[in-house]
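Counting from 1, the numbers follow the sequence of the chain as shown.
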Amino acid sequence: MTPEFPHSSSHLRPALTRRSLLGGGVALGLGVLLTACTSPESTIEALATGDPVSGGRLRVGLAGGGASDTLDAHVPVGTLDIARVVNLYEPLFYWDDVYKLQPRLATKAMPNESATLWTVTLRDGVLFHDGRPLTAADVVATFERITDPDDPKAGAAGLAELDHVEVIDNLTVAFHLSTPLATFDDSLAQYMNGIVPADYDPASPIGTGPFKVDSFTAGRRSVFMRNDDYWQGGEPYLDELEILNFNDEDALINALLSTQVDAVGQVPLSLLEVIGADPRIAVLNSETGTWLPFTMRVDKAPFDDKRVRQAFRLAVDRPQMVEQVLSGNGTVGNDLYAPFDPGYNTSLPQRKQDVTEAKRLLADAGYPDGIDVELVTAPIQAGVVEAAQVFAQQATAAGIRVKIRKVDVTTFFGDSYLEWPFAQDFWYTRNFISQSGQGSLPNSPFNETHWDDPEFQSLIEQAKETVDADKRNALVAEAQKIEYEKGGYIVWGFANQADAYQKYVAGLVENRTGLPLSGFEFRRVWMAVEK
């Protein structure tokens, strides 16, 4: 699953330890290449921060992938699929590096007073890879494909309010909604909603993106060539982009150290200091809204008692969790998601570990001698299993005795997914209304806590209908207060996104989306020196 359906991305591969990184073949590769490196570090850094230059091939390494890898614009599942989709196709809007909504294939989107009709103006002069111009008819066909009731695609869940799309003129479309949604432009910015031609065939993928397909072998490698007709003048700078699959993180990091690849995504946070010590390599450590929550089912004992949920939240030492699970590369959470949402409620007190109060709450709930619980975990994302282990240790002081049940990824996301009384999950950066629609409402596709609070629902519905941003933000803050007081999530922190690349690669910047390597926006990357 992906975060926009929601939990994509890379599952945790076999752990790469400091010992394995510094020993054996990996250390040998490092030693050989330190000797062979002829470009002075200062020269490389100066070139990498200068003006962009055209040409060259960027080789990107990512762990994961397999026979089910795809080039289909609308069904990306894993990290490698997402990397391909972002560079082949483009949505109408997109999230920039600081997680602000920006136009891409559209220039503007205007709602009517009730937010039931959104009129979108398309960018003029955009060409598909085969030279045909982008038109309103292509946009209509794209969203009909995504929301096809007989074969819904990944973005369909986030387009539940969409009734139909209408051509107004060649560069104008109207999105008719069945219910008001003042943040509908958020849905138009999701990477799995890229615009394709009306006669789109995923076997011959055509988009408007900065790169075109040259070759593709599922589970191994993808090669893309520069789109010379790309609408954003001067970009991309690269002639070629190559995305390589690696079976595990050991092989991935070794490929970086031996210069088999120029950049890698999703470096284990525990290895940042070690990898960054190599003078040839730069580390990109981005603050994100990625969260790895503990999920308590509010409709099942013992978590159907609010006091138990509050006690579990008070059992967590959040700074220690960030330090131990993320090696300090993250920010402390306050049991609320969407930290970059303009309506995020910063007035709520930061929840801290309070063992005495946790014990009192448990006693009031009928557990004076403490409580025994099973926590289901799986390597669904780097840090999840480690968080389970740290929580079990921390909770002991509050009389919470945790039995960890570790299952494999297939089992976790199998028939029992969303049914575990106490488990974990992971999500990438989203704003609050979008995220609540995915996981915090009775009809959400991934309501993992079985949260069903009428007052919370009412506030969300009001916020969705409120076009005025200030009023909408106030409603979001009020809804978050209810989640903070009664919800079933333990949001202990937000994980940074860590990537690494050779210093002759330029144009990569910190990015809040949670997607690796500057959100996979390789249109902005250039090679500062010849390899």
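- Evaluation of the salt bridge (Lys or Arg N to Asp or Glu O under 4.0 Å) rule for Arg523 yields Glu235, Glu521 as partners, not counting sequence neighbours.
- With no hydrogens or angles considered, a side-chain donor-acceptor pair links Asn345 and Ser347 at under 3.5 Å.
- The shortest side-chain heavy-atom distance between Leu441 and Ile460 falls under the 4.5 Å cut-off.
- Taking 4.0 Å as the cut-off between side-chain N and carboxylate O, Glu242 and Arg59 do not count as a salt-bridged pair.
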Please evaluate residues Leu58 and Val505 with respect to the criterion side chain to side chain contact (heavy atoms under 4.5 Å, CB included), reporting the C-alpha separation (whole Å), side-chain torsions for both, the decisive distance (0.1 Å), and the verdict. CA-CA 8 Å; Leu58 177 70; Val505 176; 4.1 Å; yes
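- Met192 is not listed as a side-chain neighbour of Lys153, based on a closest heavy-atom distance of 4.5 Å or more.
- Taking the ring centre of Tyr484 as origin, the terminal cationic atom of Arg351 falls inside the region bounded by 6.0 Å and 45° from the ring axis.
- Electrostatic pairing of Asp354 and Lys352 does not count as a salt bridge here, judged by no charged N lying under 4.0 Å from a carboxylate O.
- Taking both residues in full, the closest heavy atoms of Thr79 and Pro516 are given as CG2-CG, 4.2 Å, listed atom of the first, atom of the second, then distance.
- Every ring-ring contact (aromatic ring centres under 6.0 Å, His included) that Phe391 has, sequence neighbours left out, goes to Phe294, Phe422.
- For the atom pair CD1 of Ile400 and NZ of Lys359, the computed distance is 10.5 Å after rounding to the nearest 0.5 Å.
- Between Glu485 and Lys306 there is no salt bridge, since no side-chain N of the basic residue sits under 4.0 Å from a carboxylate O of the acidic one.
- Among the candidates Arg318, Gln480, Gln310, the single residue satisfying the side chain to side chain contact (heavy atoms under 4.5 Å, CB included) test with Asp335 is Arg318.
- The environment of CZ in Arg401 is crowded: more than 12 heavy-atom neighbours from other residues, nucleotides or ligands sit within 6.0 Å.
- Glu90 is not listed as a side-chain neighbour of Tyr191, based on a closest heavy-atom distance of 4.5 Å or more.
- A donor-acceptor pair under 3.5 Å is absent between the side-chain atoms of Ser434 and the main chain of Asn431, judged by distance alone.
- Taking the six-membered ring for Trp and the full ring otherwise, Tyr337 and Trp427 have centroids separated by 6.0 Å or more.
- Between the side chains of Glu386 and Gln324, no donor-acceptor pair is found at a separation under 3.5 Å.
- Inspection of the Gln102 and Asp96 side chains reveals an N or O donor paired with an N or O acceptor under 3.5 Å.
- When all heavy atoms are compared, the tightest approach of Val385 to Pro379 is CG2-N, 3.7 Å.
- Counting only N and O atoms by type, the side chains of Ser327 and Asn329 include no donor and acceptor under 3.5 Å apart.
- Relative orientation of the Trp95 and Tyr99 rings is parallel, given thresholds of 30° and 60° on the angle between their planes.
- Taking each heavy atom of Val407 and Ala378 in turn, the nearest pair found is O-CB, 3.2 Å.
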Before giving the answer on side-chain hydrogen bond (donor to acceptor under 3.5 Å, both in side chains), spell out for Thr410 and Asp408 the whole-Å C-alpha distance, their side-chain angles and the decisive distance to 0.1 Å. CA-CA 6 Å; Thr410 301; Asp408 59 41; 4.5 Å; no
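- A cation-pi contact links Arg104 to Tyr94, judged by a cut-off of 6.0 Å to the six-membered ring centre and 45° from its axis.
- The number of heavy atoms from other shown groups lying within 6.0 Å of CG (Asn443) is above 12.
- In this structure a side-chain-to-backbone donor-acceptor pair under 3.5 Å is present from His74 to Gly194.
- Ion pairing between a basic and an acidic side chain is recognised when a charged N comes within 4.0 Å of a carboxylate O; Glu465 and Arg472 show no such pairing.
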Evaluate side chain to side chain contact (heavy atoms under 4.5 Å, CB included) for Arg405 paired with Glu374, printing each intermediate quantity in order. CA-CA 7 Å; Arg405 179 186 171 193; Glu374 179 182 78; 3.6 Å; yes
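- When side chains are defined from C-beta on, Ile275 counts as touching Ile253, because their heavy atoms get closer than 4.5 Å.
- The side-chain heavy atoms of Trp492 and Val325, taken from C-beta on, include a pair separated by under 4.5 Å.
- Formation of a donor-acceptor pair under 3.5 Å by the Asp499 side chain with backbone atoms of Gln266 is found in this model.
- Side-chain atoms of Ser416 do not come within 3.5 Å of backbone N or O of Phe412 as any donor-acceptor pair.
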Going through the checks in order, is the side chain to side chain contact (heavy atoms under 4.5 Å, CB included) test met by Leu256 and Phe246? CA-CA 11 Å; Leu256 178 71; Phe246 288 85; over 6 Å; no
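- A side-chain donor from one of Ser458 and Gln462 sits under 3.5 Å from a side-chain acceptor of the other.
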Full working for salt bridge (charged side-chain N to carboxylate O under 4.0 Å, His left out) between Lys300 and Asp305: CA-CA 9 Å; Lys300 292 284 186 182; Asp305 190 317; over 6 Å; no
Test ring-ring contact (aromatic ring centres under 6.0 Å, His included) on Trp291 and Tyr489; report intermediate values, then the result. CA-CA 11 Å; Trp291 48 300; Tyr489 280 125; 5.1 Å; yes
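- Between the Thr288 side chain and the Ala495 main chain, a donor and an acceptor come within less than 3.5 Å of each other.
- A donor-acceptor contact shorter than 3.5 Å is absent between the side chain of Arg430 and the backbone of Gln435.
- In this structure, Gln502 and Ile281 have side chains that are in contact, with non-hydrogen atoms separated by less than 4.5 Å.
- Proximity of a side-chain donor or acceptor of Trp451 to a complementary backbone N or O of Phe456 within less than 3.5 Å is not detected.
- Between Asp186 and Thr183, the side chains place no donor N or O within less than 3.5 Å of an acceptor N or O (distance only, hydrogens not considered).
- Closest of all the heavy-atom pairs between Glu510 and Leu284 is N-CD1, 3.7 Å.
- Residue Gln424 comes nearest to Thr295 through the heavy atom pair N-OG1, 3.8 Å, listed as atom of the first residue, atom of the second, then distance.
- A salt bridge links Arg84 to Asp69: one of the charged nitrogens lies within less than 4.0 Å of a carboxylate oxygen.
- Using a cut-off of 4.0 Å between Lys/Arg side-chain N and Asp/Glu carboxylate O, Asp72 and Arg145 are scored as salt-bridged.
- Using a 4.0 Å cut-off between charged side-chain N and carboxylate O, Lys486 and Asp453 make a salt bridge.
- In terms of modelled atom types and a separation under 3.5 Å, the side chain of Asp248 and the main chain of Asp250 share a donor-acceptor contact.
- In terms of modelled atom types and a separation under 3.5 Å, the side chain of Thr449 and the main chain of Met296 share no donor-acceptor contact.
- A distance of 8.5 Å separates CG in Leu272 from CG in Asn496, rounded to the nearest 0.5 Å.
- Distance alone, capped at 3.5 Å, places no donor-acceptor pair between the Arg307 side chain and the Leu362 backbone.
- Pro445 and Gly437 get closest at one heavy-atom pair: CD-O, 3.6 Å.
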Test side chain to side chain contact (heavy atoms under 4.5 Å, CB included) on Leu88 and Leu71 and set out the steps. CA-CA 9 Å; Leu88 286 174; Leu71 293 173; 3.9 Å; yes
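- By the ring-ring contact (aromatic ring centres under 6.0 Å, His included) test, Phe143 pairs with Phe175, sequence neighbours left out.
- No side-chain heavy atom of Phe184 sits under 4.5 Å from any side-chain heavy atom of Glu161.
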